[in-house]
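One structure is given below, encoded as C-alpha cells.
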Amino acid sequence: MRNKITVVGAGNVGASCAAWLAERELGDVVLVDIPQTGTMPMGKSLDLLQTGPIYRFNTHLTGATDYGPTENSDVVVITAGFPRKPGMSREDLVGKNQEIITDVMAKVTSASPNAIVIVVTNPLDTMVYLAHRLSGWPRSRVFGQAGQLDSARMAAFIAMELNVSVDNIQASVMGGHGDEMVPLVRYTTVAGVPIGDLLPADRVQAIVDRTRKGGGEIVNLLGTSAYYAPGAAAARMVEAILKDQKLILPCSVVLEGEYGLKDIAFGVPVKLGRGGMEQIIEVKLDENEKAVLQKSVDLIRGSMSALKM
Ligand SMILES: NC(=O)c1ccc[n+]([C@@H]2O[C@H](COP(=O)([O-])OP(=O)(O)OC[C@H]3O[C@@H](n4cnc5c(N)ncnc54)[C@H](O)[C@@H]3O)[C@@H](O)[C@H]2O)c1
C-alpha cells in the first residue's frame with residue numbers, strides 16, 4: 001500500500017510542497033482547494049504528474065475541490081490561507097486565516113481521522129494552537145512547520161558568508177515563526193565548529209538579523225511570501241514521518257510545561273517519526289537566550305489573543 005499525502009491549499013506553498021513530495025516518491029498526493037478555484041487543483045496536479053516521466057518518479061497526483069479523494073490520508077499538510085503582502089506582519093493574518101483553518105480542520109478530521117497534520121498557514125504558531133485545539137487529537141499528531149525553514153535560511157546565509165557547503169552546516173533556530181524567532185548561535189556549527197569561532201561577532205549578528213527577517217526579505221522582493229523553501233521544508237517533515245527517520249528538527253508544537261511554557265504552540269527541537277512528533281528535546285538555554293525567547297512568547301500570545309474562541 002502506498003502512503004497517501006494530502007496537501008490542502010493548491011496555491012504557491014501547496015503546489016511547491018506537492019512537487020517536492022512527488023519527486024521524492026513519498027506516497028500518492030492529493031492537492032485540495034476550495035470549489036471557487038474551479039479546476040485549478042486538477043490542472044496543477046496533472047501538470048506535476050507529467051513531470052514523473054522526466055524525473056522518473058511514479059507518484060500519482062490528484063486534484064480535488066472536495067475531501068472525498070483525501071480520505072484516510074496518512075499525512076495532511078495544511079497550506080490553505082492568505083499569505084502576507086509587503087508591509088504586513090504574519091500576525092495581521094489571524095482573523096482571516098482562523099476562519100480557513102476552522103473550515104479545513106473540520107473536513108480533515110472527518111475525512112482522515114488517523115492522519116498526522118502539519119500546519120503551514122500563518123501566523124504559524126497561533127494556527128498550530130488553533131488546529132490542535134479544534135482537532136481534539138494528541139499534540140503528537142498536530143504540529144507545524146517553521147523551524148526547518150528558519151534554520152535552512154540561517155544555514156544558507158552562513159554558507160554564503162563562509163563559502164562552504166550547506167552540508168557542513170548545522171543551524172539551529174527556536175521560538176515562534178515571527179521576527180522575534182531565536183537563532184541559537186551557540187548551537188550552530190560548521191563541520192562541528194561553532195560559528196562564533198569562525199566569524200567575528202558583528203558578522204554573526206548580521207546573519208542572526210537577516211535570518212529573523214528572512215521571510216520579510218522575500219515578501220519585499222516577491223510581493224508575496226516565499227514558497228519554494230517553505231514547500232520543501234514541509235515535504236522534508238513528511239519524509240521524516242513516513243520513513244520513520246527519528247529526525248530531530250525544530251517544529252512548532254503545543255507545549256505542556258516544556259521550557260516552562262504551556263497553552264502555547266512554540267518552535268522547539270522535536271523528534272519526527274511514524275508516530276508524528278515523538279519527543280520534545282529540551283536544550284539548555286543561558287539567561288540571554290531565555291530573555292530573547294520570552295519576547296517571542298509575548299509576540300505569539302499577542303497574536304493568540306486575537307483568536308475568537
Ligand atoms: N510556515 C511557514 O514557514 C510559511 C512560509 C510561507 C508561507 N506560509 C503561509 O502559508 C499560507 C499559504 O501561502 P501561499 O503563498 O501558498 O498562498 P496562496 O494564496 O498562493 O495559496 C493559498 C491557497 O489556499 C486556498 N484556500 C483558501 N481557503 C481555503 C480553504 N478553506 N480550504 C482549502 N483551501 C483554501 C486558496 O484558494 C489558495 O489557493 C499563508 O498563510 C502563508 O503565510 C507559511
Side-chain angles (χ1 to χ4, degrees), residues 6-20 30-45 63-67 69-70 76-86 88-108 111 117-131 134 143-154 173 175-179 181 211-212 214-219 221-237 249-253 265 267 300 303:
T6 287
V7 179
V8 185
N12 285 336
V13 179
S16 157
C17 182
W20 294 107
V30 186
L31 201 49
V32 199
D33 212 300
I34 44 175
Q36 292 89 313
T37 57
T39 52
M40 179 273 274
M42 293 71 160
K44 285 198 182 178
S45 50
T65 51
D66 69 272
Y67 284 68
T70 76
V76 177
V77 181
I78 301 180
T79 73
F82 290 92
R84 57 183 173 143
K85 301 287 174 201
M88 286 175 85
S89 77
R90 296 178 181 91
E91 290 68 34
D92 292 334
L93 301 165
V94 176
K96 285 178 170 178
N97 285 350
Q98 171 168 15
E99 281 175 33
I100 292 174
I101 291 293
T102 305
D103 169 58
V104 170
M105 282 308 286
K107 291 169 177 156
V108 166
V117 170
I118 300 171
V119 179
V120 181
T121 308
N122 275 320
L124 193 267
D125 306 279
T126 304
M127 293 301 123
V128 170
Y129 177 81
L130 173 70
L134 291 167
F143 45 92
Q145 186 303 117
Q148 166 76 353
L149 171 67
D150 299 329
S151 304
R153 284 181 173 148
M154 188 177 188
V173 177
H177 184 52
D179 292 351
M181 71 179 76
T211 301
R212 297 177 106 188
E217 180 178 0
I218 302 223
V219 172
L221 289 168
L222 215 51
T224 187
S225 56
Y227 44 96
Y228 296 118
R236 185 69 188 90
M237 288 172 65
L249 288 179
C251 298
S252 178
V253 294
I300 299 170
S303 141

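Both counts, for ligands and for their atoms, begin at 1 and track the order of listing.
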| message | I need the contact type for Leu149 against ligand 1. Using non-hydrogen atoms and a strict under-4.0 Å cut-off, is it side chain, backbone, both or neither? | response | side chain
| Between Ala226 and ligand 1, which residue portion shows a heavy-atom distance shorter than 4.0 Å: side chain, backbone, both, or neither? | backbone
| Can any side-chain N or O of Thr102 pair as donor or acceptor with the backbone N or O of Gln98 at less than 3.5 Å? | yes
| remark: Closest heavy-atom approach to atom 31 (N) of ligand 1 among Val108, Asp125, Asp103 is made by Asp103
| Taking Thr6 for the side chain and Val76 for the main chain, is one N or O donor matched with an acceptor at less than 3.5 Å? | no
| said: Does ligand 1 come near enough to Tyr67 that some N or O of the ligand is less than 3.5 Å from an N or O of the residue? | reply: no
| Does any non-hydrogen side-chain atom of Ile100 lie less than 4.5 Å from one of Thr121? | no
| So, does Arg84 use its side chain to make a donor-acceptor pair with the main chain of Ser89 at under 3.5 Å? | no
| task | Name the option, out of Gly11, Pro83, Pro123, that contains the heavy atom nearest to atom 17 (O) of ligand 1. | result | Pro83
| request: Check if Phe82 has a non-hydrogen atom at a distance under 4.0 Å from any atom of ligand 1. | output: yes
| task | Examine distances only and state if a side-chain atom of Asp150 and a backbone atom of Thr211 form a donor-acceptor pair shorter than 3.5 Å. | result | no
| task | Only pairs at least two apart or in different chains count here, so list each side-chain hydrogen bond (donor to acceptor under 3.5 Å, both in side chains) that has a residue in residues 226-237. | result | Arg236-Glu239, Arg236-Gln245
| field | Test item, Val104 contacting ligand 1 (heavy atom, 4.0 angstrom) | value | yes
| Which atom of Phe143 lies closest to which atom of Ser252, heavy atoms considered | CB-O, 3.2 Å
| message | Is it the case that ligand 1 has an N or O less than 3.5 angstrom from some N or O of Thr37? | response | no
| said: I'd like to check whether Leu124 has a polar contact with ligand 1, where a contact means an N/O of the residue lying under 3.5 Å from an N/O of the ligand. | reply: no
| Structural part of Thr224 in contact with ligand 1, heavy atom criterion under 4.0 angstrom | neither
| remark: Atoms of ligand 1 under 4.0 Å from any heavy atom of Val120, numbered from 1 in the order shown, are 1 (N), 2 (C), 4 (C), 8 (N), 9 (C), 10 (O), 44 (C)
| Closest candidate by heavy atom, reference atom 24 (O) of ligand 1, pool Gly81, Ala229, Gly144, Cys17 | Gly81
| Between Val219 and Lys85, is a side chain to side chain contact (heavy atoms under 4.5 Å, CB included) present by the stated rule, with each step listed? | CA-CA 6 Å; Val219 172; Lys85 301 287 174 201; 5.6 Å; no
| message | Looking at every non-hydrogen atom in both residues, tell me the closest pair between Ser151 and Val173 and how far apart they are. | response | OG-N, 3.5 Å
| query | Of all the atoms in ligand 1, which lie at a distance below 4.0 Å from a heavy atom belonging to Asn97? | reply | 41 (O)
| said: Checking side-chain contact (heavy atoms from CB on, under 4.5 Å) between Ile300 and each of Asp125, Val128, Leu124, which is the one that passes? | reply: Asp125
| request: Among all protein heavy atoms, pick the one closest to atom 16 (O) of ligand 1 and tell me residue, atom and distance. | output: Val13 N, 2.8 Å
| query | Do any nitrogen or oxygen atoms of Ala146 come within less than 3.5 Å of a nitrogen or oxygen of ligand 1? | reply | no
| message | For atom 3 (O) of ligand 1, tell me which residue out of Gln145, Lys96, Arg153 has the closest non-hydrogen atom. | response | Gln145
| request: Under 4.0 Å from a heavy atom of Val8: give me the atoms of ligand 1 that qualify, with their elements. | output: 33 (C)
| remark: Applied to residues 92-103, the salt bridge (charged side-chain N to carboxylate O under 4.0 Å, His left out) test, sequence neighbours excluded, yields Asp103-Lys107
| Against heavy atoms of Pro230, which atoms of ligand 1 measure under 4.0 Å? | 5 (C), 6 (C)
